Amino acid sequence: MNSMTVIPGFVSFREAYIIKGKTIEPMIKAVELFNTIYQEASIFEHPDFYTDDSIFLVIELANAGVILDSIQIFNPAMVWDVLIAVIIILARGEAQNEFEHRDLHENNICIAQNPSMIKVHEDPGVKFGQSGRGLYVTLIDYGLSRARLGEGDIAFSDLEDAMFLFRGPPGKSQFNAYRIMRHHLLTGKRTHQTASWHDKHSDESKSWSEFIPYTNVVWIHYLLGVLRDKYQKDGADSENFVEEKRQLNKELRELESRLGTKANGFQNAMETLEYIFEQGWITQEQYENYGIEQ
């Protein structure tokens with residue numbers, strides 16, 4: 001995915017290394033701490049599984065800030081800044097490389113603060129850039145992603161080899177997103193089915209190499225839910241919280257509907273971005289300049 005790094009909002013590649021040997025002790029302790037904090041085991045092999053003969057590819061990337069999961073969202077302006085930035089980045093990726101992230105949860109979005117980006121717009125109708133925090137968003141971890149590369153080759157991960165994604169806990173939004181993607185690939189529909197449905201249904205004529213930009217819409221919808229939940233928690237002590245939350249939900253209602261299962265719903269991130277332009281939530285200048293300062 002090195003070809004994606006030229007697009008603002010995609011993490012910059014620095015170096016790659018081949019390493020042989022078993023996992024170092026600090027990594028084992030970090031995984032065990034994660035399991036303790038979240039009270040559930042990682043879906044990946046425990047690091048003590050590896051031996052002296054294990055071989056790893058280590059990729060060094062630029063520092064993109066802190067993962068969204070660790071960021072506090074204090075007000076609606078921060079919700080808008082992160083949400084619209086992600087939509088811009090995905091729309092650019094679609095247009096330039098037929099990009100789909102396919103795994104855009106809160107640990108695969110990084111936030112940094114860039115003082116040069118603190119330019120609050122005078123028009124109160126503009127939503128983007130109004131937090132006054134200079135938030136810069138970067139998408140990371142393209143392990144499940146799909147993109148058309150410079151020579152026309154398609155880079156993708158065959159998710160049929162990762163069926164555990166579709167068997168995740170019922171009712172958990174992240175795993176519902178995976179299930180929606182696969183159900184859409186197989187049927188063209190915009191809903192998800194249970195894990196048992198995915199065990200019983202397959203179609204060899206369908207391939208994850210196909211360009212299915214609706215998957216980006218699925219993750220934008222997921223992100224909207226994450227941001228609203230974080231604001232509900234982190235902004236609750238604000239003096240104007242009740243009114244601000246009511247106004248935010250009102251403004252997001254139609255957007256959320258068209259990100260979901262509505263018949264006239266968005267087909268890709270670019271359509272979502274066009275809707276945001278139509279609402280006046282972002283200016284052409286903001287779109288063209290976003291990420292250039294970085």
Side-chain angles (χ1 to χ4, degrees), residues 1-20 23-24 26-27 30-31 33-34 42 44 47 55-73 78 80-119 128-129 131-151 153-157 215-216 219-220 222-223 226-227 230 269 273 282 286-294:
M1 289 296 180
N2 192 25
S3 63
M4 302 303 300
T5 64
V6 299
I7 303 175
F10 287 84
V11 68
S12 296
F13 172 84
R14 287 187 172 172
E15 190 56 85
Y17 309 89
I18 300 294
I19 296 177
K20 181 178 180 181
T23 312
I24 59 176
M27 185 175 291
V31 170
L33 178 61
F34 172 92
S42 168
F44 302 105
I55 297 177
F56 300 89
L57 169 63
V58 178
I59 298 176
E60 181 184 358
L61 304 172
N63 184 353
V66 180
I67 59 172
L68 175 59
D69 191 43
S70 299
I71 294 288
Q72 290 185 298
I73 302 295
M78 295 182 70
W80 288 113
D81 277 5
V82 176
L83 179 66
I84 294 177
V86 169
I87 293 170
I88 291 172
I89 297 165
L90 289 175
R92 286 173 172 171
E94 286 178 357
Q96 296 187 40
N97 292 85
E98 295 184 352
F99 176 80
E100 302 168 52
H101 192 285
R102 297 182 174 177
D103 193 25
L104 200 53
H105 53 75
E106 54 268 49
N107 289 323
N108 286 340
I109 298 172
C110 286
I111 314 290
Q113 286 190 282
N114 184 343
S116 69
M117 295 176 61
I118 301 177
K119 302 171 185 176
F128 189 52
S131 72
R133 294 173 182 265
L135 302 182
Y136 185 77
V137 175
T138 302
L139 310 188
I140 64 172
D141 193 345
Y142 314 134
L144 303 186
S145 300
R146 184 264 188 211
R148 181 178 294 276
L149 305 182
E151 300 299 319
D153 294 331
I154 305 298
F156 75 102
S157 178
T215 65
N216 287 332
W219 287 103
I220 294 169
Y222 171 85
L223 172 62
V226 168
L227 291 170
K230 289 178 76 65
L273 180 61
I282 183 175
Q286 285 178 318
Y287 169 70
E288 292 174 354
N289 291 335
Y290 180 73
I292 304 303
E293 303 96 329
Q294 199 74 3

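Basis for what follows: all heavy atoms, side chains included, without hydrogens, waters or symmetry-related copies. Just so you know, residue 1 is the first one in the sequence shown, and it goes up from there. Small disclaimer: the values here were computed from a predicted structure and weren't measured.
- Minimum heavy-atom separation, I87 to A269: CG2-O, 3.9 Å.
- Side-chain atoms of L83 and I220, non-hydrogen and from C-beta on, do get closer than 4.5 Å to each other.
- Taking the side chain to side chain contact (heavy atoms under 4.5 Å, CB included) definition, one finds that I24 meets it with P26, M27, sequence neighbours left out.
- In this structure, the separation between CZ on R14 and OG1 on T5 is 12.0 Å, given to the nearest 0.5 Å.
- The closest side-chain heavy-atom distance from M4 to N97 is below 4.5 Å.
- Listed here is the closest heavy atom pair of G9 and I89: CA-CD1, 3.6 Å.
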(request) Determine, stepwise, if the pair K230 / E106 fulfils salt bridge (Lys or Arg N to Asp or Glu O under 4.0 Å). (result) CA-CA 11 Å; K230 289 178 76 65; E106 54 268 49; over 6 Å; no

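- Between L139 and L90, the closest side-chain pair of non-hydrogen atoms falls below 4.5 Å.
- Using a 4.5 Å heavy-atom threshold, the side chains of R92 and P8 count as touching.
- Taking every heavy atom of both residues into account, L149 and S3 meet most closely at CD2-OG, 3.4 Å.
- Of all non-hydrogen atoms in R146 and R148, the two that sit nearest each other are NH1-N, 4.0 Å.
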(request) Applying side chain to side chain contact (heavy atoms under 4.5 Å, CB included), run through I111 and V137 and close with a yes or a no. (result) CA-CA 5 Å; I111 314 290; V137 175; 3.7 Å; yes

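- Counting heavy atoms from C-beta outward, E94 and F99 have side chains that stay 4.5 Å or more apart.
- Separating the OG1 atom in T215 from the CZ atom in R102 is a distance of 5.5 Å, to the nearest 0.5 Å.
- Annotation for R133 and Q113: closest pair O-NE2, 3.0 Å, computed over non-hydrogen atoms.
- In this structure, Y136 has its ring center under 6.0 Å from that of Y290.
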(message) One pair to check against side chain to side chain contact (heavy atoms under 4.5 Å, CB included): I7 and Q96. What are the steps and the verdict?
(response) CA-CA 9 Å; I7 303 175; Q96 296 187 40; 3.6 Å; yes

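- Under the side chain to side chain contact (heavy atoms under 4.5 Å, CB included) criterion, D103 pairs with H101, H105, N108, L144, Q174, Y178, W219, not counting sequence neighbours.
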Only distances under 3.5 Å count here; give the side-chain donor-acceptor pairs of residues 55-72 to other protein atoms, sequence neighbours excluded, each with its distance to 0.1 Å.
unit_1: E60; atom_1: OE1; unit_2: Y17; atom_2: OH; d: 3.0
unit_1: N63; atom_1: OD1; unit_2: G65; atom_2: N; d: 3.0
unit_1: D69; atom_1: OD2; unit_2: Y38; atom_2: OH; d: 3.4

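- Nearest heavy atom pair, residue A91 against residue L273, reads CB-CD2, 3.8 Å.
- Considering only heavy atoms from C-beta on, I140 stays 4.5 Å or farther from I109 through its side chain.
- The side-chain heavy atoms of Y287 and F128, taken from C-beta on, include no pair separated by under 4.5 Å.
- Within the 4.5 Å cutoff, side-chain heavy atoms of L135 are placed close to those of M78.
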